[in-house]
Amino acid sequence: MPVEHRVAARGRLRARVVGVVAGRVSVPGMGQEGEGGASGRGRCVGWPALDERRGPLQASLGTLGQRLQPGMADSAQAQKLVYLVTGGCGFLGEHVVRMLLQREPRLGELRVFDRHLGPWLEELKTGPVRVTAIQGDVTEAHEVAAAVAGAHVVIHTAGLVDVFGRASPETIHEVNVQGTRNVIEACVQTGTRFLVYTSSMEVVGPNTKGHPFYRGNEDTLYEAVHRHPYPCSKALAERLVLEANGREVHGGLPLVTCALRPTGIYGEGHQIMRDFYRQGLRLGGWLFRAIPASVEHGRVYVGNVAWMHVLAARELERRAALMGGQVYFCYDGSPYKSYEDFNMEFLGPCGLQLVGARPLLPYWLLVFLAALNALLQWLLRPLVLYAPLLNPYTLAVANTTFTVSTDKAQRHFGYEPLFSWEDSRTRTILWVQAAGSFAQ
Ligand SMILES: NC(=O)C1=CN([C@@H]2O[C@H](COP(=O)(O)OP(=O)(O)OC[C@H]3O[C@@H](n4cnc5c(N)ncnc54)[C@H](O)[C@@H]3O)[C@@H](O)[C@H]2O)C=CC1
Ligand SMILES: CC(C)CCC[C@@H](C)[C@H]1CC[C@H]2[C@@H]3[C@H](O)CC4=CC(=O)CC[C@]4(C)[C@H]3CC[C@]12C
């Protein structure tokens with residue numbers, strides 16, 4: 001039940017302000033210095049150019065890595081800031097929300113904007129920070145503007161993450177590209193100066209040719225060519241965000257933007273992991289290797305992704321010249337492994353086994369099955385939504401090495417992972433076990 005109802009922002013407010021609850025603030029952490037860098041620019045095959053279209057987690061963030069820096073207490077008293085997190089009820093968004101409450105000392109109000117608000121927001125009502133839940137749609141410009149008005153910082157993580165063909169390409173574009181455009185325009189109109197965008201490694205690759213990206217960084221040359229609507233939309237949206245850096249916002253000051261590019265995120269709330277677990281349980285505890293163990297994936301723990309967002313948002317003002325218009329891969333100490341072997345780090349301790357040192361089916365057969373799935377999806381679309389995990393795109397991503405190795409975020413804004421690999425692994429295992437028992 002909402003604690004209090006109120007209008008959170010000026011303007012034509014149609015976004016529903018569902019409630020105001022208050023959360024907890026604890027201690028911060030931080031770092032320093034830097035330099036310049038490059039941003040990868042992708043090409044979307046079969047998609048219009050930018051200009052042609054207008055258009056169950058507990059507060060488990062712990063005390064790891066907490067460091068109180070000199071001056072933090074002073075600045076905490078000096079100015080309280082309003083943060084807006086779009087997509088704040090999603091897998092990553094919830095972690096960003098909780099991380100801000102725990103580790104952003106200057107937080108005065110936290111606005112959580114999402115199409116679907118989570119009931120867990122109610123838990124956040126006991127602390128000193130006002131949490132404003134706003135039900136709204138990023139594709140509705142006036143709803144976004146109303147939510148942004150008066151915010152100091154926007155963390156834009158809302159997005160349609162669909163590589164399975166559940167949504168149409170147009171819808172993906174509308175949410176990810178037009179939604180991002182609406183966020184930028186809202187910042188410009190209302191005078192909000194700091195915008196952190198959740199991009200994706202998919203902006204770079206894997207490309208349609210299946211070229212490996214091995215221990216790459218933000219400056220690594222790579223032929224970024226996309227066909228799938230999701231990476232196309234993320235690449236277009238990221239470009240919008242980077243190009244908006246330096247635009248004059250209401251009041252005359254420049255907008256400062258940056259984009260964070262997580263690799264495949266895992267952790268508490270990761271639905272695909274939960275799906276693999278349930279599938280394994282249905283198969284009597286067995287999963288069957290489909291992809292060679294030699295294909296490596298970079299993965300990153302959700303808590304560290306959230307932490308990087310919090311740090312980037314905090315440092316954007318002080319390091320505007322350095323960070324503005326920059327992209328940063330999101331990384332941590334998680335080991336490079338194949339997608340399936342990495343999942344087994346969590347599913348193994350939950351009782352599942354991965355059968356086969358090598359793939360059980362020949363690759364050509366997987367390609368055939370993926371193509372068959374795509375055909376069935378198309379044929380059945382008028383009748384039913386058929387959206388299996390295996391399709392030509394997910395097979396290509398799963399079967400292509402994509403690993404990052406970079407310290408740019410460390411150099412530019414002092415990012416160090418907050419959670420060790422051991423801790424990330426333990427937290428994820430506990431969550432999978434709990435999610436599995438709910439499934440029974
Ligand atoms: N899951 C992953 O492995 C990765 C995700 N990302 C990016 O991170 C961001 C968050 O992704 P996840 O948390 O995994 O996805 P998610 O689907 O769990 O969260 C997205 C949130 O955005 C909200 N949303 C969707 N459409 C909306 C709309 N029209 N208006 C308002 N809210 C809307 C959803 O309700 C949801 O709460 C996305 O931008 C995604 O592209 C980037 C790299 C990897
Ligand atoms: C048996 C199949 C061949 C195994 C299918 C696994 C796939 C469903 C997943 C393999 C790699 C994943 C993607 C990757 O982690 C990068 C991503 C980044 C994002 O921004 C969104 C999610 C995703 C595309 C992720 C989606 C699932 C996989 C394709």
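All of these numbers come straight from a predicted model, not from anything done at the bench. Atoms within a ligand are numbered from 1 in the order they appear, just like the ligands themselves. In this chain, residues are counted from 1 in sequence order.
Contact analysis leaves I272 out of contact with ligand 1, as no non-hydrogen atom separation drops below 4.0 angstrom. Within the structure, ligand 1 has T198 among the residues with a heavy atom less than 4.0 angstrom away.
When only non-hydrogen protein atoms are considered, atom 27 (C) of ligand 1 lies nearest to R115 CD, 3.6 Å. In this structure, atom 5 (C) of ligand 1 lies nearest to the protein heavy atom I265 CD1, 3.8 Å. Closest protein heavy atom to atom 22 (C) of ligand 2: V161 CG1, 4.1 Å. The nearest heavy-atom contact from the protein to atom 3 (C) of ligand 2 is L390 CD1, 3.7 Å. Nearest protein heavy-atom neighbour of atom 11 (O) of ligand 1: V161 CG2, 3.6 Å. In this structure, the protein non-hydrogen atom closest to atom 26 (N) of ligand 1 is V175 CG1, 3.6 Å. Looking only at heavy atoms of the protein, atom 19 (O) of ligand 1 is closest to G90 CA, 3.4 Å. At the top of the distance list for atom 26 (C) of ligand 2, counting protein heavy atoms only, stands V163 CG2, 3.8 Å.
Around atom CZ of F368, no more than 12 heavy atoms belonging to other residues, nucleotides or ligands sit under 6.0 Å away.
Considering backbone and side-chain N/O of L92, one or more are found under 3.5 Å from N/O of ligand 1. Remark: ligand 1 and Y230 share an N or O pair separated by less than 3.5 Å (distance only, no angle test). Looking at G264 next to ligand 1, no N or O pair under 3.5 Å apart turns up.
For T263, no heavy-atom contact with ligand 2 is shorter than 4.0 Å.
Between R299 and P335, the closest side-chain pair of non-hydrogen atoms is not below 4.5 Å.
Looking only at atom types and distance, the side chain of H309 has no donor-acceptor partner in the side chain of T157 under 3.5 Å away.
Taking CZ of F419 as the start and CH2 of W307 as the end, the distance is 9.5 Å to the nearest 0.5 Å. Taken to the nearest 0.5 Å, the CG atom of L376 stands 5.5 Å off from the OH atom of Y386. Interatomic distance, CG of L347 versus OG1 of T428, reported as 10.5 Å (0.5 Å rounding).
Not less than 6.0 angstrom separates the ring centroid of H152 from the ring centroid of Y83.
The ring pair (Phe, Tyr, Trp, His ring centres under 6.0 Å) with F342 is formed by just one residue from the set W421, Y336, Y301; it is W421.
Salt bridge annotation for R115-E140: absent, with no cationic side-chain nitrogen under 4.0 angstrom from a carboxylate oxygen.
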